[in-house]
Amino acid sequence: MLGRIRQAGRWCEVRVPKGVSGIAKEILGGYSRVECGTVLVELSAGQDEQEVAPLEVGPPDGVEVIAAPMVGILYRQSAPGKPVYAAEGDLVSGNQTIGLVEVMKTLTPIRAPRNGRLLKWLVEDGASVNQDQPIAWLEPQHS
């Protein structure tokens with residue numbers, strides 16, 4: 001057992017496979033997100049622990065993980081109200097800025113490592129990130 005989460009006035013046990021550790025990532029609305037290695041589970045107030053299933057195990061085959069270059073705050077746009085650098089499903093080119101990491105008022109661009117389609121953001125805009133934390137999935141486009 002990983003631990004327990006108190007939600008909606010009741011305790012839910014969180015279980016993971018043997019040898020896997022985990023950490024509660026966030027508690028939102030009616031859901032709790034728990035990350036256990038590369039497995040993410042969500043618990044809603046009405047679910048029994050037997051109903052809890054992994055949502056993500058990792059990227060699909062052939063998909064590249066883009067990681068945060070450093071600890072900081074991830075921004076997907078240059079300023080509030082401005083367009084995002086890259087949305088899920090967008091085609092991006094190699095070295096294109098897809099986001100920024102802010103550390104002590106210094107902004108460092110996160111660049112696409114190659115041409116491809118941004119499949120999924122793994123981190124919300126404005127969220128804290130750790131160095132080498134997976135933040136997005138990129139499906140490389142082969143010429």
Side-chain angles (χ1 to χ4, degrees), residues 1-8 10-47 49 51-143:
M1 180 175 78
L2 171 64
R4 299 185 318 160
I5 296 176
R6 184 171 175 87
Q7 189 168 334
R10 77 188 246 284
W11 286 98
C12 299
E13 284 187 358
V14 179
R15 296 184 182 277
V16 295
K18 263 190 172 168
V20 176
S21 61
I23 183 167
K25 296 301 279 187
E26 53 189 279
I27 298 177
L28 310 165
Y31 293 91
S32 299
R33 295 179 66 197
V34 179
E35 188 175 306
C36 307
T38 59
V39 177
L40 177 70
V41 296
E42 284 190 3
L43 305 174
S44 73
Q47 287 181 313
E49 66 183 80
E51 295 177 42
V52 176
L55 297 177
E56 304 289 350
V57 174
D61 289 340
V63 171
E64 187 170 340
V65 175
I66 300 173
M70 63 191 66
V71 173
I73 306 296
L74 173 74
Y75 294 107
R76 293 195 238 165
Q77 57 204 43
S78 61
K82 297 286 185 180
V84 296
Y85 287 110
E88 289 181 356
D90 284 356
L91 289 174
V92 296
S93 49
N95 211 30
Q96 176 183 331
T97 298
I98 62 168
L100 302 169
V101 173
E102 178 192 13
V103 180
M104 297 177 63
K105 305 292 183 197
T106 301
L107 298 170
T108 301
I110 299 169
R111 300 188 188 278
R114 63 191 90 276
N115 295 344
R117 181 176 305 280
L118 185 69
L119 285 184
K120 182 174 184 176
W121 280 104
L122 304 173
V123 178
E124 293 297 319
D125 186 50
S128 296
V129 293
N130 292 314
Q131 184 172 4
D132 299 325
Q133 176 183 344
I135 58 170
W137 289 349
L138 179 75
E139 179 181 42
Q141 299 292 306
H142 302 289
S143 316

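All values reported here derive from a predicted model rather than from experimental measurement.
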How would you list, by chain and number, every residue that makes a side-chain hydrogen bond (donor to acceptor under 3.5 Å, both in side chains) with [X], sequence neighbours excluded?
X     : answer
Arg76 : none
Glu88 : none
Tyr75 : Glu102
Ser78 : none

State the [atom1]-[atom2] distance between [X] and [Y], to the nearest 0.5 angstrom.
X      : Y      : atom1 : atom2 : answer
Gln133 : Ile66  : CD    : CD1   : 13.5 Å
Ile98  : Leu138 : CD1   : CG    : 7.5 Å
Lys120 : Ile135 : NZ    : CD1   : 14.0 Å

Do you know which two heavy atoms are closest between [X] and [Y], and how far apart they sit?
X      : Y      : answer
Val101 : Pro69  : CG2-CD, 4.0 Å
Leu74  : Glu124 : CD2-O, 4.1 Å
Ser128 : Ile73  : OG-CD1, 3.5 Å
Val129 : Ala68  : CG2-CB, 3.8 Å
Gln77  : Leu100 : O-CD1, 4.1 Å

Margin query: Holding to side chain to side chain contact (heavy atoms under 4.5 Å, CB included), I want the full list of residues that pass it with Pro60, two or more places apart in sequence or in another chain.
Written below: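 Partners of Pro60 under the side chain to side chain contact (heavy atoms under 4.5 Å, CB included) test: Val63, Trp137.
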Note to self: Under the rule for side chain to side chain contact (heavy atoms under 4.5 Å, CB included), what residues qualify as partners of Ala67, not counting sequence neighbours?
What the structure shows: none
Margin query: With heavy-atom distances below 4.5 Å as the criterion, would you say the side chains of Asn115 and Pro140 are in contact?
Written below: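 No. Closest side-chain heavy atoms not under 4.5 Å.
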Note to self: Once salt bridge (charged side-chain N to carboxylate O under 4.0 Å, His left out) is applied, what residue pairs with a partner in residues 132-142 remain, sequence neighbours excluded?
What the structure shows: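 Every candidate salt bridge (charged side-chain N to carboxylate O under 4.0 Å, His left out) pair involving residues 132-142 fails, so no pair, neighbours aside, qualifies.
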I'd like a table of donor-acceptor pairs (distance under 3.5 Å, sequence neighbours excluded) in which one partner is a side-chain atom from residues 103-111, with atom names and distances.
from: Arg111; atom 1: NH1; to: Asn95; atom 2: O; distance (Å): 3.4
from: Arg111; atom 1: NH1; to: Thr97; atom 2: OG1; distance (Å): 2.9

Note to self: I'd like to check the salt bridge (Lys or Arg N to Asp or Glu O under 4.0 Å) partners of Arg114; sequence neighbours left out, ordered by chain and number.
What the structure shows: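 Applying salt bridge (Lys or Arg N to Asp or Glu O under 4.0 Å) to Arg114 gives Glu64.
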Note to self: Looking at Gly89, is its backbone amide N or carbonyl O close enough to the side chain of Arg117 to form a donor-acceptor pair, meaning the two atoms are under 3.5 Å apart?
What the structure shows: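 Yes.
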